[in-house]
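In what follows, chains carry the letters A, B, and so on, assigned in the order in which the sequence lines appear, proteins first and then strands, with residues in each chain numbered from 1.
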Protein chains: 2
Amino acid sequence: MKSMASTSEKILDVAQSLIVAGGYNGFSYADISAAIGIRKASIHHHFPTKAELVSVLVDRYRRQAEVGLESLRGELSSPAEQLQSYLNYWRTCIRDASPSFCVCAMLAGEMQMLPEEVASRVRAHFQNLAGWLTSVLRAGMEQDLFRLNNRPEEEAQMLMASVHGAMLSARAFNDPGLFTIIVTPQITRLLGRDS
Amino acid sequence: MKSMASTSEKILDVAQSLIVAGGYNGFSYADISAAIGIRKASIHHHFPTKAELVSVLVDRYRRQAEVGLESLRGELSSPAEQLQSYLNYWRTCIRDASPSFCVCAMLAGEMQMLPEEVASRVRAHFQNLAGWLTSVLRAGMEQDLFRLNNRPEEEAQMLMASVHGAMLSARAFNDPGLFTIIVTPQITRLLGRDS
DNA sequence: TGATGTCTACCTATTAGTAGGTAGACAAAA
DNA sequence: TTTTGTCTACCTACTAATAGGTAGACATCA
């Protein structure tokens with residue numbers, strides 16, 4: 001009973017890895033079909049249109065992200081540890097090339113030509129993530145763990161941009177380690193003063 | 001004698017704006033054809049294959065960027081002003097939605113499925129930009145204008161990631177002002193201590 | 001029985017790219 | 001001076017492959 005993933009979940013898994021590699025226009029039903037050994041028509045049975053497939057995909061991604069981030073927010077760990085865990089997640093992903101890029105970050109680049117139903121979901125993820133980071137930063141500030149030079153919501157945007165930019169650079173230079181090099185000093189900066 | 005742009009340059013102009021909007025797979029010869037009122041076959045006359053078209057496009061972009069950055073390096077302005085000018089360029093672009101995104105940053109996201117001839121050129125641009133930022137930061141450090149917490153080449157990577165991430169966020173939130181909000185504090189940080 | 005999932009077999013539109021030809025500019029040869 | 005050839009830029013008309021999507025038959029399972 002190793003992987004009991006349903007067909008529709010397998011479809012979403014493959015679609016996600018294809019989007020991460022090449023964006024919305026970078027994959028087709030034929031690609032998915034070939035990858036999991038099922039006919040195109042069967043994929044249409046589960047997801048009538050491409051826009052719907054990607055919408056469901058982003059919904060699933062958002063749900064997983066929400067759960068993941070929420071679980072970090074437990075009383076167990078300090079805001080500093082929460083932030084570090086978030087970054088460790090991506091560091092591991094990028095090193096192991098599992099999903100070496102955030103689906104929503106990828107789609108955000110194509111915002112202007114995405115079906116509206118997809119675009120709005122991507123926007124929503126960005127809002128969620130910014131919100132989570134803001135609340136963690138604010139908590140850390142109130143506990144005197146972080147010394148912020150800007151308002152928490154601004155520092156959250158800065159951090160989010162660093163993370164996404166670091167993903168891009170790691171990919172452009174084909175150097176997973178670059179992610180850590182870029183992102184770690186930003187945390188160091190929040191924690192204290194000097195590196 | 002307003003705009004005497006040659007046909008091939010018009011093709012590149014349109015292609016560039018289409019790539020910025022939707023990436024490599026986000027445009028077709030038919031799109032360009034419709035945009036400038038010329039037949040598809042005529043575009044193939046100028047650029048036999050899509051990979052070649054985009055390669056020439058990236059070459060042109062790199063040349064322009066090189067010239068632009070080089071002109072900032074004149075003795076006239078301090079490293080701090082050079083950095084500021086670079087950011088102002090993008091701030092204006094994003095505000096006016098001209099090319100509201102760096103072509104190479106867009107393509108870097110699709111790295112994994114780009115024709116090799118294109119991918120290598122995109123990598124080269126990232127290298128150039130990182131190099132330029134490194135040398136400006138190093139100069140500023142030596143003149144005691146910047147107080148860096150990390151090695152110049154690392155700070156350059158951090159800054160570059162911030163810029164690209166800020167472009168992405170500005171697009172995701174559909175808020176050009178976000179670019180400045182994200183990027184300005186990074187400069188402030190380099191310049192002195194407190195915001 | 002009927003719902004679910006998969007299939008074969010198709011459809012139309014679009015993709016990148018090709019074949020072959022036309023009209024005009026320019027230059028050298030007659 | 002005409003004529004011949006070459007070149008550039010564009011055209012119409014096509015190709016093979018792929019895109020997303022549909023209709024309906026068949027099987028399995030509750």
Side-chain angles (χ1 to χ4, degrees), chain A residues 1 3-58 60 103 106-107 110 112-119 121, chain B residues 1 3-19 21-58 60 106-107 110 112-119 121:
Chain A
M1 211 164 291
S3 79
M4 268 294 291
S6 70
T7 301
S8 58
E9 291 210 327
K10 278 193 272 186
I11 293 171
L12 294 176
D13 290 343
V14 171
Q16 179 159 333
S17 74
L18 290 171
I19 288 178
V20 163
Y24 188 89
N25 290 307
F27 80 101
S28 70
Y29 274 47
D31 296 329
I32 301 173
S33 160
I36 66 181
I38 203 184
R39 299 294 141 171
K40 276 196 314 165
S42 308
I43 305 174
H44 279 288
H45 168 73
H46 294 280
F47 306 102
T49 69
K50 193 178 183 180
E52 202 167 311
L53 165 58
V54 178
S55 292
V56 173
L57 171 64
V58 175
R60 187 185 69 156
V103 189
M106 195 67 194
L107 292 172
E110 310 177 286
Q112 315 195 352
M113 45 123 284
L114 288 179
E116 179 47 36
E117 41 186 327
V118 177
R121 285 170 164 85
Chain B
M1 211 161 295
S3 77
M4 269 293 294
S6 69
T7 301
S8 59
E9 291 212 325
K10 278 192 273 186
I11 293 171
L12 293 176
D13 290 342
V14 170
Q16 180 159 334
S17 75
L18 289 171
I19 287 178
Y24 188 88
N25 290 308
F27 80 101
S28 70
Y29 274 47
D31 295 329
I32 301 174
S33 160
I36 66 181
I38 203 184
R39 299 294 138 170
K40 275 194 319 163
S42 308
I43 304 175
H44 279 288
H45 167 70
H46 293 280
F47 305 102
T49 69
K50 194 178 183 182
E52 202 168 311
L53 165 57
V54 177
S55 291
V56 173
L57 171 64
V58 175
R60 186 184 70 156
M106 195 67 197
L107 292 173
E110 309 176 285
Q112 315 196 356
M113 46 123 281
L114 249 33
E116 178 48 35
E117 40 186 326
V118 176
R121 286 169 165 86

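- In this structure, the separation between NE2 on B:His45 and OG1 on B:Thr7 is 9.0 Å, given to the nearest 0.5 Å.
- The nearest pair of heavy atoms linking A:Glu117 to A:Ala51 is OE2-CB, 3.4 Å.
- Two residues are said to be in side-chain contact when any heavy atoms from C-beta on lie closer than 4.5 Å; B:Leu12 and B:Phe47 meet this criterion.
- No side-chain heavy atom of A:Gln112 sits less than 4.5 Å from a side-chain heavy atom of B:Leu18.
- In the region residues 13-22 of chain A, proximity to DNA chain D at under 4.0 angstrom, judged on heavy atoms, holds for none of the residues.
- Here A:Thr7 does not reach the OP1 or OP2 of C:dG5: none of its side-chain N or O atoms lies under 4.0 Å away.
- Side-chain contact between A:Val54 and A:Leu107: present, with at least one pair of heavy atoms (C-beta onward) separated by less than 4.5 Å.
- Taking CD1 of B:Ile11 as the start and CD of B:Gln16 as the end, the distance is 14.0 Å to the nearest 0.5 Å.
- For A:Lys10 and C:dT6, the NZ to C1' distance is 13 Å, given to the nearest whole Å.
- Listed by residue number, A:Ser42, A:His45, A:His46 are the residues of residues 42-54 of chain A with a heavy-atom contact under 4.0 Å to DNA chain C.
- Side-chain contact between B:Asn25 and B:Met113: present, with at least one pair of heavy atoms (C-beta onward) separated by less than 4.5 Å.
- Of the candidate nucleotides C:dA9, D:dT12, C:dA16, C:dA16 has the atom nearest to the side chain of B:Lys40.
- The closest side-chain heavy-atom distance from B:Arg60 to B:Asp13 is below 4.5 Å.
- Atom CD1 of B:Ile38 and atom C1' of D:dT8 are 12 Å apart (whole Å).
- No side-chain donor-acceptor contact under 3.5 Å links B:Lys50 to the backbone of B:Tyr29.
- Residues from residues 23-37 of chain A that place a heavy atom under 4.0 Å from any atom of DNA chain D, listed by number: A:Phe27, A:Ser28, A:Tyr29, A:Ala30.
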